Protein chains: 2
Amino acid sequence: MSETTRVRRKRGSITQDEIVTAALRLTDREGESALTFARLGHELKASPTAVYRHFANRNEILRALANHLDGISIDGYVPTDDWRRDLEDLGWRAWRTAITHPAAAAISLSLVSNGANELRAVEWVLRAIHCAGVSGRDAVVQYQVYTNLVLGSAGAQAARLSAADAVESSEGWIQVYAPKDPSRYPHAEAVKAELTSVTYEEVFAKQMQMYLDALAMTSAGRSEAPA
Amino acid sequence: MSETTRVRRKRGSITQDEIVTAALRLTDREGESALTFARLGHELKASPTAVYRHFANRNEILRALANHLDGISIDGYVPTDDWRRDLEDLGWRAWRTAITHPAAAAISLSLVSNGANELRAVEWVLRAIHCAGVSGRDAVVQYQVYTNLVLGSAGAQAARLSAADAVESSEGWIQVYAPKDPSRYPHAEAVKAELTSVTYEEVFAKQMQMYLDALAMTSAGRSEAPA
DNA sequence: ACCTGAACACCGTTCAAGT
DNA sequence: ACCTGAACACCGTTCAAGT
């Protein structure tokens, strides 16, 4: 923490890419709440307001961050002939990105970025669905179902991890709705013991398999057999 | 807009319930960003800081709001012998609440409220899953899958509607991806025409049916036949 | 015991002024 | 053309003072 000799940054020295990279570094290190113009400016060694030359507002930064995460997810992905493997692969890529960058994913994953990487991912999902023998209107519906599933699960997991990083969980305050009467909730009670042994990753795996099974049924008889 | 004669509110005249109700009114009327202490205080005809006597912080208000929405969803629900009908019913109840109160749902639905209504909903979902012939560890996993699906879809829809209320852009359906090089995205291009004819409600319906089919398969042979 | 007003340390955003 | 500093209208939260 030495005193920094603040130099004026040359014009054109700040790019959208540099800002997004700084935003990811910031959120990875210090969580969701660290993504402010002030701290972004400090991270870039520039004035907070300089960012406004490159993004219209905070939401545009979030959308660019979403697209950046999409890029991390699909980096190195190559489509194959096996639609089932492809959809599973793409899903786990999103999951891994979400748990690697939970804070960034939590604040940006639910946004439609309209970015190039998102478009690429959309294309690949539609390709896999086409390979599964679903086309036209049904393909659009299946694309949406798949996206809901993957982004919903990965986003929820990111939110959980990000929240766990951030809060100390406020004890000492009135737990208004305590489980006062466990006998009224027999099924919840019966299953209580198993709760700790189930992981969200396992749930995601199961959810993915159920979806892929159902999709295979939808296109039953038409799906091309793997070589 | 006459000048109000501000009277000091009597002690004990503000309750958690009144605050949550005011919060819902506020977000329904003016969107997500309206949920501030200042406007909450104004809505309650009280000082903004009075709310702190009843909630530790803003997040606790959001959790109470989530529980309130849970209450709206399950109001009047009665479990039946038909697990499939029950899970479908509970899912659509959540969906309807989300589209009726999009702003409130968008900011609170992803939170675990730990409230009484949430606990009741959990119990009923577990009950239905039990009726479907799934128990123990598998029941916990299936509960999570179902919750992921319903809250993910309803929450995403709420966020879309809430954002659409706030900004002017975005037509009914999928955002137009910058079509700079359509030939590189043949599957997206091929399916473009169908986009406008598919609604998110239809996607949710499909997703629900796929899940229920898959769950029925999981418990195949063991499910009790409806009378 | 509960409600209020002033104060604090932040926010996103705007804009005239620098270089 | 791009970066900066000051200013504006807000935030959530704290706390001593009222009743």
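Letters A, B, ... are given to chains in the order of the sequence lines, protein chains preceding strands, and every chain is numbered from 1. Atom set for the values below is all heavy atoms of this structure, side chains included, hydrogens, waters and symmetry mates excluded. Not measured: the values here are computed from a predicted model.
- Following rounding to the nearest Å, Leu35(B) (CG) and dG12(D) (C1') show an atom-to-atom distance of 12 Å.
- Looking at heavy-atom distances under 4.0 Å, Arg9(A) makes contact with sugar-phosphate atoms alone, never a base.
- Between the CD1 atom of Ile107(B) and the P atom of dC11(D) there is a distance of 14 Å, rounded to whole Å.
- The separation between Ile19(A) atom CD1 and dG12(C) atom C1' is 15 Å, rounded to whole Å.
- For the pair Phe37(B) CZ and dT4(C) P, the computed distance is 15 Å after rounding to whole Å.
- With 3.5 Å as the limit, one finds a donor-acceptor pair spanning the side chains of Gln207(A) and Ser153(A).
- Nucleic acid contact for Leu40(A): none, since no nucleic acid atom lies under 4.0 Å from a heavy atom of the residue.
- Close to dC2(D), at under 4.0 Å from its OP1 or OP2, lies no side-chain N or O of His54(A).
- Distances were taken from every side-chain heavy atom of Tyr52(B) (C-beta onward) to each of dG12(C), dC11(D), dT13(D); the shortest belongs to dT13(D).
- As a whole-Å value, the separation of His42(B) NE2 from dG5(C) C1' is 17 Å.
- Position along DNA chain C of the nearest nucleotide to Ala38(A) versus Thr49(A) favours Ala38(A) as the more 5'-ward residue.
- Protein atom CZ of Arg58(A) is 14 Å distant from nucleotide atom C1' of dC10(C), rounded to whole Å.
- When all heavy atoms of Ala98(A) and Ala105(A) are compared, the closest pair comes out as CA-CB, 3.8 Å.
- The distance between atom CD1 of Ile14(B) and atom C1' of dT4(C), rounded to the nearest whole Å, is 11 Å.
- Remark: Arg93(B) fails to qualify as a cation-pi partner of Tyr77(B) under the 6.0 Å distance and 45° angle criteria applied to the six-membered ring.
- The shortest distance between the side-chain N/O atoms of Arg53(A) and the OP1/OP2 oxygens of dC3(D) is not below 4.0 Å.
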**OP:** Taking Watson-Crick and G-U wobble pairs with both distances under 3.5 Å, convert DNA chain C into its dot-bracket string, 5' to 3', dots for unpaired and | for cross-strand pairs.
**Re:** ||.|||||...|||||.||
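- Residue-level contact check: Leu44(A) touches neither bases nor backbone, having no heavy atom under 4.0 Å from any strand.
- Closest to the Arg39(B) side chain, of the nucleotides dC11(C), dG18(D), dC11(D), is dC11(D).
- In summary, the side chains of Glu123(A) and His187(B) do present a donor paired with an acceptor at a separation below 3.5 Å, with no hydrogens or angles considered.
- Residue Ser13(A) has its side chain nearest to dC3(D) when only dC3(D), dG12(C), dT4(C) are considered.
- Distance CD (Gln16(B)) to P (dC2(C)): 12 Å, rounded to an integer number of Å.
- Panel note: side chain Tyr143(A), backbone Val125(A); no donor-acceptor pair is recorded below 3.5 Å.
- Ring centroid separation for the pair Tyr211(B) and Tyr211(A) does not come in under the 6.0 Å cut-off.
- Using a 4.0 Å cut-off between charged side-chain N and carboxylate O, Glu202(A) and Arg137(B) make a salt bridge.
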